[in-house]
Amino acid sequence: MKRPIAQLVGTGRYTPEKIFDNAYFETILDTSDEWIRERSGIRERRIAEEHETLAYMGAAACRQVLDEAGLTPLDVDGIVLGTASPDRLLPSTACDLQAELGAHNAAAFDVAAACSGFLYSLSVAEGMIASGTAENVLVVGGDRLSKIADYTDRTTAVLFGDGAGATLVQPAGNGKRGILSTYLKTDGRLAELLYRPGGGANHPPDEQMLQDRTYFIRMAGREVFKNAVRSMADACDRALEKAGVHGDEVDVLIPHQANIRIIEATAKHAHVPMDKVYVNVDRYGNTSAASIPIALDECVREGRIKEGSLVLFVAFGGGFTWASVLVRW
Ligand code: ACO
């Protein structure tokens, strides 16, 4: 097993107070609580109010991490934000987050890898530590999907929620604690199974875009589902193999929270029993890049992750992108 280069120090999260439960969607769409629960496992999701921008939510999660680590925002030299729903297209939301947090010494940028964004960002932060570019990197996963979900489309609207989570990445000490292995993978040929057709430089906003609603997320759910099951299983194998670890040694599996059926299939493949798998998709829905760091923060605060715990993260999202990271806490 390689000696870790970087370690995760502390966690934080921000989730809006406002809740849309399944009953709400019954009032605006041809859907039912039963359908949503059986097909996805989701009961409710958090929805950001106007002032709860991605930068605001991300900064709140970061403040929690820094306070508990005994650091100030000026100690931070890197901010890497994984997101698929930036507050604006230019500059990156990480810049707005930096300003909101007052972390004026940090290099700040976004990573666009959809639901895999937090794990991709973690890998970038590990690289910054390895190269000596930074020593205190805030890694944030955040999304405000309610703003880019089409509330007239029952196949997507019911799935998504808002929130942010964060951790601090620092050089590993001499012990075993830290990132043990990382696996990242992409298949851009499948991009149009989960995408936003309009709004970028290829299709700048116009009347037609508003009429066709191409600004919103479109997803071929069944295809995404099949690919997610296959890819997350593969990703688990790769991170474990690289570290020379078997699934039954994992203390906590934190999968991306998109669908309980995908989570159960992933856990089964990785030989991790469900009592070691953290699930909160019922309470938050799919918060994209935020789902893993929110779940991580809950696990740490509930005492499910303790010093020495072996934690496996696995994600899948638009791109397609997928990823896994194995960490000794
Ligand atoms: N309420 C009621 N019926 C619905 C709804 C709804 N909200 N949505 C779809 N249906 C209908 C469909 O129209 C379809 O009807 P039909 O058979 O008459 O055509 C039927 O239910 C079955 O639809 P499927 O899409 O086959 O349902 P499935 O069991 O695949 O569940 C779901 C759909 C929940 C979207 C699932 O496919 C899924 O979770 N996909 C993966 C999502 C994911 O992992 N995303 C991760 C990345 S997200 C990111 O990167 C931002």
Side-chain angles (χ1 to χ4, degrees), residues 20-45 54 82-86 110-121 141-164 185-188 190-197 199 215-235 255-267 279 281-282 284-292 294-295 313-323:
F20 281 177
D21 59 11
N22 291 348
Y24 169 75
F25 286 97
E26 288 178 337
T27 68
I28 62 164
L29 291 168
D30 178 16
T31 189
S32 67
D33 172 48
E34 191 189 2
W35 191 96
I36 300 170
R37 271 190 293 106
E38 281 181 5
R39 298 295 178 114
S40 71
I42 300 167
R43 291 173 185 275
E44 59 185 40
R45 60 299 279 147
L54 178 57
T83 189
S85 50
D110 289 0
V111 167
C115 301
S116 309
F118 178 74
L119 298 187
Y120 272 62
S121 299
D143 266 301
R144 198 181 180 193
L145 295 182
S146 63
K147 286 287 181 192
I148 56 167
D150 184 348
Y151 278 69
T152 66
D153 175 8
R154 69 176 183 173
T155 68
T156 51
V158 302
L159 303 172
F160 301 127
D162 303 332
K185 194 88 200 307
T186 301
D187 190 344
L190 303 173
E192 292 182 6
L193 293 174
L194 173 50
Y195 75 133
R196 291 171 70 192
Y215 170 77
F216 295 112
I217 296 177
R218 290 202 182 153
M219 180 170 79
R222 210 172 300 176
E223 292 309 310
V224 175
F225 186 97
K226 280 190 262 177
N227 278 281
V229 168
R230 198 168 38 236
S231 303
M232 285 170 75
D234 170 55
H256 169 50
Q257 308 281 317
N259 185 312
I260 186 64
R261 292 182 291 140
I262 298 175
I263 292 172
E264 285 169 352
T266 304
V279 177
V281 67
D282 52 323
Y284 297 117
N286 180 350
T287 57
S288 189
S291 91
I292 288 179
I294 289 174
F313 303 108
V314 59
F316 177 86
F320 288 150
T321 56
W322 59 105

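Not measured: the values here are computed from a predicted model. Read the numbers this way: they start at 1 and go in the same order the structure lists the ligands and their atoms.
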Report all N/O contacts between ligand 1 and the protein shorter than 3.5 Å as a table of atom names and distances to 0.1 Å; if there are none, say 'none'.
from     : atom 1 : to     : atom 2 : distance (Å)
ligand 1 : 1 (N)  : Thr31  : OG1    : 2.6
ligand 1 : 3 (N)  : Trp35  : NE1    : 3.4
ligand 1 : 3 (N)  : Arg154 : NH1    : 3.4
ligand 1 : 7 (N)  : Thr31  : OG1    : 3.1
ligand 1 : 7 (N)  : Arg154 : O      : 2.9
ligand 1 : 13 (O) : Arg154 : NH2    : 3.1
ligand 1 : 21 (O) : Trp35  : NE1    : 3.3
ligand 1 : 26 (O) : Arg222 : NE     : 2.6
ligand 1 : 26 (O) : Arg222 : NH2    : 2.7
ligand 1 : 27 (O) : Arg39  : NH1    : 3.3
ligand 1 : 29 (O) : Arg39  : NH1    : 2.8
ligand 1 : 29 (O) : Arg261 : NH2    : 3.0
ligand 1 : 37 (O) : Gly221 : O      : 3.0
ligand 1 : 39 (O) : Asn259 : ND2    : 2.7
ligand 1 : 40 (N) : Gly221 : O      : 3.1
ligand 1 : 50 (O) : Gly318 : N      : 3.0

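For Ser85, the side chain to side chain donor-acceptor pair (under 3.5 Å) test picks out Asp143, with sequence neighbours left out.
No hydrogens or angles considered: a donor-acceptor pair under 3.5 Å links the side chains of Ser146 and Asp162. Neither side chain, Asn227 nor Arg222, offers a donor N or O lying under 3.5 Å from an acceptor on the other. Using modelled atom types, one finds no donor on one side chain facing an acceptor on the other under 3.5 Å when comparing Asp234 with Ser231.
Without hydrogens or angle criteria, Arg154 side chain to Asp30 main chain gives a donor-acceptor distance under 3.5 Å.
The closest side-chain heavy-atom distance from Thr186 to Tyr120 is below 4.5 Å.
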